[in-house]
Structure formats: C-alpha cells, structure tokens
Amino acid sequence: MTDHRDAVLRLWGRQLYERQGEPLAWARAVLEATGRPATAVTAAMSGRLDALAGSPSDHAWLLFHTVAKLAANLRADGRYDADVGTRIGPLALRLGELEPPLAGPLEDALGHPPDGPTSLVTVHAAELSRNRTIRMRAIDALLEWAELGHPQARAALSEVASDHRTQDVTVWTKALNRITLFGDASVEPGLLRALADTGHRGVRWSVLACAELGFRRAVPLITALLEHPDPMVREGACEALGLLEEPAAVPALTARLNDETDWVRSRAALALGQIGGDRALAALWQTMMERRNPKAGYLASAIAAFGPPVVDDLIALTTDPDPDLRALACRALGSTADDRALPALERLAAHDLARTTLGGLVATAAKRTADRAPHARAHRIDLSSTLVSTDGHPEPQPRGTRRSGSHTRGGPCAPDRLCSC
C-alpha cells in the first residue's frame, strides 16, 4: 500500500459495485458509457462476453469485457466477483484518458474516485460496522495505513482498541496485535476495563497490549490473571509481567513454576529471568534443584539469563552426583556463552558416561553444548533465542521475535495464539 494512487483505485473499483442499489442496471450504464453499439451492450448483458471482439481499443474491450463478466455472474448466481470489480475503476479511468470523448459518460456512470488516502481510511473505518468478511478486510487495511503513519487510521484503531465490548473479538485482537503502531495513553482506560472483564475471550490480548505500552497501572490486574482458569491467559500474564520487568510479581510468578501446564511453567521461568534480581534467581535455582527434571531445560536457560554471576555456581553443579542436574548445568552453561564454562564442559564431554533419566548421556549433552559455545560467544545469543526444551521443541519467545513460519500474535490456531490469518 505504499502507492497511494493504486490503493485508491483498487478500493474505488470495489466500491463502484458495492454502492449500487441495482447492480445490473449499473453494469448496463457502464457498458453504454464505453460508446459501444446498443446491440453489443444487449449481447453482453445477455452473457455473450465476445460482444466487443475486434474493438480498436484494447482498454475499451477490457472494460467492456470486465463489466460484462460481472453482469453475467450477477445474473447467474447473484455473486459479486471481487477480482473483477477491483479492475473496473482503474480500467475506466485509463480509458477516459485514452479516449477523451468517453471521459464524461464514464464519469457519469462511475462517479468520482476517492480523493486519496484520507478517503480510503474513512471508508475502511466505516466498514468496521459491516459484515465479518468486510470487517476483517477493513482492519487489515487500517493497520497497513497506520504503519505508513496515517493519523486518521491510527485514530480509528485507537477507537477500536478502547472498547472491547462493542468490537468483534477477532477484529479487536487483530488491532491489539499491532498496538505499538497506534497505542498511547488514550487507550489505557479501555484496556484496563478489558483486563477487568476476565470472562472476555480477548483478555489475553489486553494483558499483552498493556505490557507493550508499559501501562504499569495494569500490574495488579495482570498479576491476578496468573490464577485464571485458562492456561492461555496465565501464559499471557507471565509474558506481560516479564515484559514489564515487575519485581513485585516474583512471588506470583514463582508459584507458576509449578503450573499444571508445561508452557505456562516455561513462560513463568522466562519472565523471572527477564525480571532478574536475587529473589527471582533463588526461585529458579530452588525449583531446578528440587525438580531435578531433565525436561525442565527452561529453568536452566532462565538461570543462564543472569549471566556471569551464576557461572561459578553452574560449574560447581557439573560435579553434582545427579546426572540430570549435571546435564541441566551443561545446558545453562552453554547459554551463558562464558569462556569459564569450557573446561568443565570439555571434562564432562570426555569422561561423563552416566545417563539421565531420559536415557541420554551427560557426555553427549556436554559435547553438544561445547560445540555450540564458539558460535554463542561470537554472537552473544540472548535468552530469547536460546530457549529450546530438552525434547527439541522451542520454548516461548519474548514478544517482538518471530521464528520462520510461525504465527504472529493473533487468532485461535495454536495453543497460545489466536491466529487471524
């Protein structure tokens, strides 16, 4: 949509049909405006799409053929072919330029095109009250215009975000997915109301939107949502508190390390790593030592986020009698990208033939970590790109990152995503 003129013409082509009370009569008027014989118009309206064959003007033929096809579809099943309709406006405009005598009749039949981006945005904002298909198309278009910096589009999106009660939930969450394009202090009261409406299907998105905009007044409401019955909401609350780096949430997040849902536990650990501090580190370390679960690699990765201060303790853990803890220590040391870890990793890789409860060798875990260490040191991979669970599945990433082929935040396609694609 970087070319405003093309966007205007595409919308005009669609609106030309949608605004007609009697589309077949309108189609006939457009055909007549091309200056073709009445016999050709009658033939085209009856379904003969070759009625203008041999016309000296390619653009006249294209326009005539396009409108005739639309008329034939309407007569057959009453359905509007959007692909056909979007071509009518641009074709007519070009034909009027090439054949000036036709410009007046075509303008009478088609009306004026919109006057630029402002007209487009006005139309799209009005379409938010139409049927669901049109609403979805309109919200996507408004987001594109907002990305281009159009103030009216941003104002329309702010209005959507400010009142969850009057919006289609998918339209509303689509807007909140891109809240940083348009959100400011004006949307805070509406988002706080949405947070308080804990039964609303989009409450998870209000949680994340508040965090992305840094609304700290939302912290008590978000913290309370850590007890929500829906694990998607609990996971979103963990993510939001991590984004806000809220120290007061450490006790509540610590409780989520024992959540019944594994990906909530993972997100809680990541949040504690983002918040940092002695209490968060102590909670992660205690949980890892008590659980002694080689599948809980997210705990090791979260501990590694504390950086150099934890390296010595992790190196000491490589001598623990429990092979599961030694394997977790390898995992965490690899994530720190600290040179001090290499001797310990090389020792385990060469000599530790004990097996974890999952059946893997500690030596294998150490060797894989040691092999990755030079790359990690070179790039200083952060916590968000290193969280991978022991079974090979990616752990939750912070907002703003995106793996190839993954969904952005939106709609109900994935366990932790409401995909609007």
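The main-chain N or O of G236 is never found under 3.5 Å from a side-chain atom of R267 such that the two would form a donor-acceptor pair. Side chain of T356 to main chain of L358: a donor-acceptor pair is present (N/O by atom type, distance under 3.5 Å, no hydrogens or angles). Under the 3.5 Å distance criterion, the side-chain polar atoms of R355 are matched with a main-chain donor or acceptor of G359. With hydrogens and angles disregarded, a donor-acceptor distance shorter than 3.5 Å links the side chain of S266 to the backbone of D262.
For the atom pair CG of L270 and CD of E235, the computed distance is 9.5 Å after rounding to the nearest 0.5 Å. A distance of 8.5 Å separates NZ of K174 from CD1 of I139, quoted to the nearest 0.5 Å. Here the straight-line distance linking atom CE of M232 with atom OG1 of T261 works out to 11.5 Å at 0.5 Å rounding. The distance from the CG atom of N131 to the CZ atom of R137 is 8.0 Å, given to the nearest 0.5 Å. Note: E127 CD to T122 OG1 = 11.0 Å, rounded to the nearest 0.5 Å. To the nearest 0.5 Å, atom CG of residue L314 and atom CZ of residue R326 are 15.0 Å apart.
Contact detail for A300 and A332: the closest heavy-atom pair is O-CB, 3.4 Å. Of all non-hydrogen atoms in A33 and L102, the two that sit nearest each other are O-CD2, 3.6 Å. Contact record, L272 with A280: O-CB, 3.6 Å, taken as the closest heavy-atom pair. Annotation for A271 and C238: closest pair CB-O, 3.3 Å, computed over non-hydrogen atoms. The shortest non-hydrogen separation linking A354 to D352 is N-OD1, 3.2 Å. The nearest pair of heavy atoms linking A349 to A366 is N-CB, 3.6 Å.
No side-chain donor from either of T369 and R331 sits under 3.5 Å from a side-chain acceptor of the other.
Under the rule for a side-chain hydrogen bond (donor to acceptor under 3.5 Å, both in side chains), the partners of T357 that lie at least two apart in sequence or sit in another chain are D324. In this structure, E245 has no salt bridge (Lys or Arg N to Asp or Glu O under 4.0 Å) partners at least two apart in sequence or on a different chain. With sequence neighbours excluded, no residue forms a side-chain hydrogen bond (donor to acceptor under 3.5 Å, both in side chains) with D313. Remark: D168 pairs with R132, R135 by the salt bridge (Lys or Arg N to Asp or Glu O under 4.0 Å) rule, at least two apart or across chains. Among residues two or more places apart in sequence or in another chain, the side-chain hydrogen bond (donor to acceptor under 3.5 Å, both in side chains) test is passed with D259 by R234, R256. For R279, the side-chain contact (heavy atoms from CB on, under 4.5 Å) criterion is met by V250, P251, not counting sequence neighbours. A search for ring-ring contact (aromatic ring centres under 6.0 Å, His included) contacts involving H200 returns H164, W172, not counting sequence neighbours. Residues satisfying the salt bridge (Lys or Arg N to Asp or Glu O under 4.0 Å) test with D320, not counting sequence neighbours, are R292. In this structure, the side-chain hydrogen bond (donor to acceptor under 3.5 Å, both in side chains) partners of N258, at least two apart in sequence or on a different chain, are R291.
Ion pairing between K367 and E346 fails under the 4.0 Å rule for side-chain N and carboxylate O. Between D312 and R340 there is a salt bridge, with a side-chain nitrogen of the basic residue lying less than 4.0 Å from a carboxylate oxygen of the acidic one.
Between L226 and L253 there is a side-chain heavy-atom pair separated by less than 4.5 Å. Side-chain contact between L328 and L299 is absent, with no heavy-atom pair separated by less than 4.5 Å. Contact annotation: the side chain of H228 never approaches that of R204 to less than 4.5 Å [non-hydrogen atoms, C-beta and beyond]. Residues L257 and R265 fail the side-chain proximity criterion, which asks for heavy atoms closer than 4.5 Å. Between T319 and R347, some side-chain heavy-atom pair lies under the 4.5 Å cut-off. You'll find the side chain of L342 stays beyond 4.5 Å of the side chain of L333, heavy atoms only. Taking 4.5 Å as the limit, every side-chain heavy atom of N177 sits out of range of all side-chain heavy atoms of L208. Within the 4.5 Å cutoff, no side-chain heavy atoms of L157 are placed close to those of I179.
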Please list every donor-acceptor pair under 3.5 Å in which a side-chain atom of residues 182-196 meets a protein atom from a residue at least two apart or in another chain.
unit_1 : atom_1 : unit_2 : atom_2 : d
D184   : OD1    : S186   : N      : 2.9
D184   : OD1    : S186   : OG     : 2.4
R193   : NH2    : S162   : O      : 3.1

Distance-only donor-acceptor hits, side chain of residues 281-289, under 3.5 Å, sequence neighbours excluded:
unit_1 : atom_1 : unit_2 : atom_2 : d
Q286   : NE2    : E290   : OE2    : 2.9
T287   : OG1    : A283   : O      : 2.8

Which donor-acceptor pairs under 3.5 Å do side chains of residues 216-225 form with protein atoms, sequence neighbours excluded?
unit_1 : atom_1 : unit_2 : atom_2 : d
R216   : NH1    : L244   : O      : 3.1
R216   : NH2    : L244   : O      : 3.1
R216   : NH2    : E246   : OE1    : 2.6
T223   : OG1    : V219   : O      : 2.8

